[in-house]
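Reading through the structure tokens given below for one structure.
No hydrogens, no waters, no symmetry mates; every other heavy atom, side chains included, goes into these values.
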Amino acid sequence: MLDSLALLLEKTFLLAHFNFFSTASPKQERCAKRRVESTYFQRGDLLEVPRTLFTHFGIYLGDNKVAHLMPDILPVLTSNTSQIQKVVTNKRLLLGVIYKYASIRVDTVEDFAYGAPVLLNTMDTTLRRQPLAAEEVARRAEKLIGHIPYSLLWNNCEHFVTYCRYGTAVSLQTEQFCESLKSVIRDQRSVLLTTVVGMLSMFFLGIAPSTALPTFIIPFILWMAG
């Protein structure tokens with residue numbers, strides 16, 4: 001029982017912090033940082049910055065400007081352009097993710113980086129794909145500027161930049177998340193633990209549809225999926 005609880009907590013911790021969502025290894029990041037410090041960005045470059053919970057991506061347009069897909073709740077609440085154009089804070093971003101509202105916006109490299117180091121074109125090696133011509137990459141990004149449908153897993157900033165640079169929208173972060181989720185579902189100890197938690201909820205909260213149905217349905221789905 002304690003082993004099962006510890007396992008689920010460990011996996012939940014990993015999922016909650018998205019530590020596996022980085023597409024570059026620490027060694028790649030160190031090399032990329034050194035390379036960026038001595039190289040000017042070129043129009044069409046793919047830029048990425050490591051954030052607390054994820055890696056953020058953008059396409060360099062030249063003149064210190066970056067196009068990037070950014071969830072943001074503020075355009076839903078106001079039409080004041082000067083307020084919307086300010087740097088998107090983490091609170092605005094998280095609320096935008098929940099509301100599924102985002103846009104392709106253009107910011108300076110400094111605002112895009114948000115204090116994090118900028119990595120340059122590391123996706124070329126990770127995906128092992130030949131990028132499109134630099135001007136074509138930048139033009140694709142510019143054509144998409146404005147409001148865009150958003151999904152954390154199926155249409156995020158990584159899908160945007162891979163479509164622009166390689167012609168196909170993919171997200172390694174999404175793929176890694178789904179694989180981690182599959183590993184939790186496949187582990188049959190998760191079935192036992194969810195059953196125990198459900199039984200405890202009925203014991204303390206009483207037997208009702210809101211407690212009884214999840215107690216039987218969730219473990220059954222996990223068992224069948226595994």
Side-chain angles (χ1 to χ4, degrees), residues 16-19 21-24 29 32-33 36 40-123 131-132 134-174 177:
H17 286 77
F18 291 19
N19 288 336
F21 271 25
S22 176
T23 58
E29 291 183 1
K33 291 174 192 175
V36 167
Y40 292 105
F41 297 135
Q42 300 295 321
R43 181 171 163 85
D45 279 343
L46 190 158
L47 309 183
E48 60 181 276
V49 291
R51 296 283 179 87
T52 304
L53 300 179
F54 55 89
T55 300
H56 189 50
F57 300 85
I59 297 295
Y60 186 68
L61 302 179
D63 195 26
N64 201 41
K65 301 295 183 182
V66 181
H68 57 131
L69 190 160
M70 197 70 171
D72 185 10
I73 193 63
L74 200 57
V76 180
L77 305 176
T78 180
S79 58
N80 189 321
T81 306
S82 61
Q83 289 185 7
I84 294 173
Q85 194 55 41
K86 292 180 180 178
V87 179
V88 179
T89 62
N90 287 331
K91 184 181 294 185
R92 285 169 56 182
L93 185 151
L94 290 174
L95 290 175
V97 169
I98 295 171
Y99 195 76
K100 295 184 178 181
Y101 194 95
S103 62
I104 309 295
R105 53 182 284 153
V106 178
D107 287 303
T108 65
V109 173
E110 292 76 18
D111 288 345
F112 164 75
Y114 205 62
V118 181
L119 313 181
L120 176 64
N121 293 333
T122 60
M123 189 79 75
L132 301 173
E135 186 59 30
E136 172 64 16
V137 174
R139 286 179 179 176
R140 281 175 173 241
E142 290 169 337
K143 287 179 181 179
L144 292 173
I145 291 173
H147 173 64
I148 189 171
Y150 179 76
S151 168
L152 180 63
L153 294 182
W154 315 122
N155 191 34
N156 57 42
C157 61
E158 193 172 5
H159 290 101
F160 163 65
V161 297
T162 51
Y163 165 76
C164 292
R165 189 164 175 85
Y166 309 107
T168 304
V170 297
S171 174
L172 298 180
Q173 297 184 105
T174 294
F177 174 79

Would you say [X] and [Y] make side-chain contact, with heavy atoms under 4.5 Å?
X	Y	answer
Lys65	Phe112	no
His68	Ile104	no
Phe160	Leu144	yes
Leu132	Tyr166	no
Asn90	Tyr114	yes
Ser103	Pro75	no

Give, for atom [atom1] of [X] and atom [atom2] of [Y], the distance between the pair rounded to the nearest 0.5 Å.
X	Y	atom1	atom2	value
Leu47	Met123	CG	CE	11.5 Å
Ser151	Lys100	OG	NZ	6.0 Å
Ile145	Leu69	CD1	CG	11.5 Å
Ile59	Leu46	CD1	CG	4.5 Å
Leu74	Leu95	CG	CG	10.0 Å
Ile73	Thr89	CD1	OG1	11.5 Å

With sequence neighbours excluded, give me every salt bridge (charged side-chain N to carboxylate O under 4.0 Å, His left out) pair touching [range].
range	value
residues 162-174	Asp124-Arg165
residues 89-98	Asp72-Arg92
residues 136-157	Arg43-Glu142, Glu135-Arg139, Glu136-Arg140

Taking only residues two or more places apart in sequence, or in another chain, which ones meet Asp107 in a salt bridge (charged side-chain N to carboxylate O under 4.0 Å, His left out)?
Arg105

Heavy-atom pair with the smallest gap, counting every atom of [X] and [Y]:
X	Y	value
Pro71	Ala102	CA-CB, 3.6 Å
Leu119	Thr122	CB-CG2, 4.2 Å
Pro50	Pro117	CD-O, 3.4 Å
Ala67	Leu61	CB-CD1, 3.8 Å

Of all residues at least two apart in sequence or in a different chain, which pass the ring-ring contact (aromatic ring centres under 6.0 Å, His included) check with Tyr163?
none

Can you sort out the partners of Tyr60 under ring-ring contact (aromatic ring centres under 6.0 Å, His included), two or more places apart, ordered by chain and number?
Phe41

Taken in chain and number order and not counting sequence neighbours, the residues that satisfy side-chain contact (heavy atoms from CB on, under 4.5 Å) with Asn156 are Tyr150, Glu158, His159, Ser171, Thr174

Please enumerate all residues that pass side-chain contact (heavy atoms from CB on, under 4.5 Å) together with Asn80, with sequence neighbours excluded.
Thr78, Ser82, Gln83

Flag, side chain of Asp45 to backbone of Gln42, donor-acceptor distance under 3.5 Å
yes

Tell me every residue that passes side chain to side chain donor-acceptor pair (under 3.5 Å) with [X], counting only those two or more places apart in sequence or in another chain.
X	value
Thr168	none
Asn64	Glu110
Asn155	none

Under the ring pair (Phe, Tyr, Trp, His ring centres under 6.0 Å) definition, can you give me all pairs with a residue in residues 77-103, not counting sequence neighbours?
Tyr101-His147

